[in-house]
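Questions regarding the structure given below will be posed in turn.
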Number of protein chains: 2
Amino acid sequence: MPRIAKYDREKALEDAVRLFWERGYGGASMKQIEQALDMRPGSLYATFGNKDGLFREALAVYTGRMSNSMGRALEESPTIMEGIFTYLRSLTEQITAPDSPARACLVVKTLLEVTSDQPELRDLVNRRLREVEDYLAELFERAREQGELKPGVESRRLARLVQSQIMGLRSLAQRDIDTDSVKNLTEDIITALGAFTQHPTTH
Amino acid sequence: MPRIAKYDREKALEDAVRLFWERGYGGASMKQIEQALDMRPGSLYATFGNKDGLFREALAVYTGRMSNSMGRALEESPTIMEGIFTYLRSLTEQITAPDSPARACLVVKTLLEVTSDQPELRDLVNRRLREVEDYLAELFERAREQGELKPGVESRRLARLVQSQIMGLRSLAQRDIDTDSVKNLTEDIITALGAFTQHPTTH
DNA sequence: TCCGTTTTTGAATGATTGCTCAAATTCAAC
DNA sequence: GTTGAATTTGAGCAATCATTCAAAAACGGA
């Protein structure tokens, strides 16, 4: 067995996430990818197949990180709804960090970028977003059973509402706007979601 | 004075709005623009300068339409907050129409697409979004004075919240999702905003 | 040290990008 | 008709796009 792989696959994918997150799928050229990952075309194509393949793997890394972040917030919170609010605050800290490649979500950026002549990518991001919706719906169904939600609240509708809140928060945060305004917005979103929770939101 | 302009500028801009709205700025190639507007490169560049110039004019047409739509909703409503809710419902009807080029907002699509090496475009969309924020803030300041808002609600924060709601609504609607779910989401957003209004939301 | 396999390199591919401009066309004025 | 200015045309520009592949380099095993 000769020659060990010089380039760490994980390190390369981290760089890819950063570049795609900052510039989007179409906005990141292979030349820029070569620079960011410090790899030559031959190695890139041998390792990831093509630009699509690299993007898919980078997207998987990105969504995995986001899931972990939400999971951690839920673990350290006494109730599900408080876990959601804790996650929103944690997310706000993350995206307003000075070294964040972008504040908007990479999945949403791709959703808004991709057209009907890229059906594979389109289906991929739709699948990811549907998975998040399903996960949230399960969470809120448990929250409902535990009396955390007002009577009559549908868990799946609340799931889509919360997903739209995250999309809106992160898209607005992509504006040229100061960090305090983003944090205020997060608190206002939590307040607004209080219309669906049994007990008034704490903050 | 010879030769009258064959191509109707307004008609061309309408086609440009449709194409850019569907495919985004970078996703619409000049070849596709030539087809959609039925114009040859020479006419295009003579009329609009370059791709940037065409996009700027198309964006102005788009934002003008959106402003009109909100203005109409506010006119036909007895209070400001009801006008906002009427607008949200009207917007939902518009974007779920089968011939809509996209459900997501063209300005937000551009905001998430544009990078730091396109500072003019970046500034342009930020300016437009700031204008909407300012307009909403004035509206909500009036609403506050007329007792439509709960005590302590800041008009500018509410303006950014509502803008983020619209961004979230339209971004989620861009998912492969049925019309009824979008309409339900709109109602849930209105319910959520009820946390800031003096009288409970009607629907 | 040499071998054999794998990885890396980077020049080159054809297609597409936004854009230019000389030539052809069109129409009002006469 | 003829003229003359404005508009339209479309071939063609250099640059960039994603991608390929033969050659060079790198390294474990002998």
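Per chain, numbering begins at 1; letters A, B, ... match sequence-line order. All values reported here derive from a predicted model rather than from experimental measurement.
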**Request:** Kindly indicate, with the supporting measurements, whether the criterion side-chain hydrogen bond (donor to acceptor under 3.5 Å, both in side chains) is fulfilled by B:Gln165 and A:Gln165.
**Result:** CA-CA 7 Å; B:Gln165 298 302 308; A:Gln165 298 303 305; 2.8 Å; yes
**Message:** Can a side-chain donor-acceptor contact be found between B:Asp178 and B:Ser181 if the only test is distance below 3.5 angstrom?
**Reply:** yes
**Item:** Partner residues of A:Tyr25 under the ring-ring contact (aromatic ring centres under 6.0 Å, His included) criterion, sequence neighbours left out
**Value:** A:Phe55
**Asked** For residues 22-35 of chain B, which residues have at least one heavy atom under 4.0 Å from DNA chain D?
**Response** none
**Complete:** Applying ring-ring contact (aromatic ring centres under 6.0 Å, His included) to B:Tyr45 and not counting sequence neighbours gives none
**Item:** salt bridge (Lys or Arg N to Asp or Glu O under 4.0 Å) pairs, two or more places apart, involving residues 157-177 of chain A
**Value:** A:Glu133-A:Arg160, A:Arg157-B:Asp188, A:Arg175-B:Glu133
**Message:** Short of 4.0 Å, heavy atom to strand atom, which residues of residues 44-51 of chain B count as contacting DNA chain C?
**Reply:** B:Tyr45, B:Asn50, B:Lys51
**Check: B:Arg40 side chain, B:Asp38 main-chain N or O, donor-acceptor pair, under 3.5 Å** = yes
**Any donor-acceptor N/O pair, A:Thr63 side chain to A:Ala60 backbone, under 3.5 Å** = yes
**Asked** Expressed in angstrom and rounded to an integer, what is the separation of B:Met39 atom CE from D:dT9 atom P?
**Response** 8 Å
**Prompt:** Can you check whether A:Leu161's main-chain N or O pairs, donor with acceptor, with A:Ser164's side chain at less than 3.5 Å?
**Reply:** yes
**Asked** Separation of B:Leu121 atom CG from C:dG18 atom P, in whole Å?
**Response** 13 Å
**Non-neighbouring partners of A:Asn68 that pass side chain to side chain contact (heavy atoms under 4.5 Å, CB included), sequence neighbours left out** = A:Arg72
Can you check nucleotides 10-13 of chain D for protein contacts, nitrogen or oxygen pairs under 3.5 Å, and list what you find?
residue : atom : partner : partner atom : Å
D:dG10  : O6   : B:Gly42 : N            : 3.1

**Request:** Using the test side chain to side chain donor-acceptor pair (under 3.5 Å), find all partners of A:Thr86 that sit at least two apart in sequence or belong to another chain.
**Result:** A:Ser77
**Asked** Who passes side chain to side chain contact (heavy atoms under 4.5 Å, CB included) against B:Gln94, sequence neighbours left out?
**Response** B:Ser69, B:Ser90
**Asked** Please give, in whole Å, the distance from C:dT8 P to A:Asp8 CG?
**Response** 12 Å
Can you give me every donor-acceptor pair (side chain of residues 11-20 of chain B, partner residue at least two apart or in another chain, under 3.5 Å) with its distance?
residue : atom : partner : partner atom : Å
B:Lys11 : NZ   : B:Asp15 : OD2          : 2.9
B:Arg18 : NH2  : B:Asp99 : O            : 2.6

**Message:** Just to verify, what does A:Thr186 make a side chain to side chain donor-acceptor pair (under 3.5 Å) with, not counting sequence neighbours?
**Reply:** A:Thr92
**Prompt:** Given axes from five pairs at either end, by how many degrees does the helix from C:dC2-D:dG29 to C:dC30-D:dG1 bend, rounded to 10°?
**Reply:** 0°
**Message:** Rounding to an integer number of Å, can you tell me how far B:Gln118 CD sits from C:dG18 P?
**Reply:** 12 Å
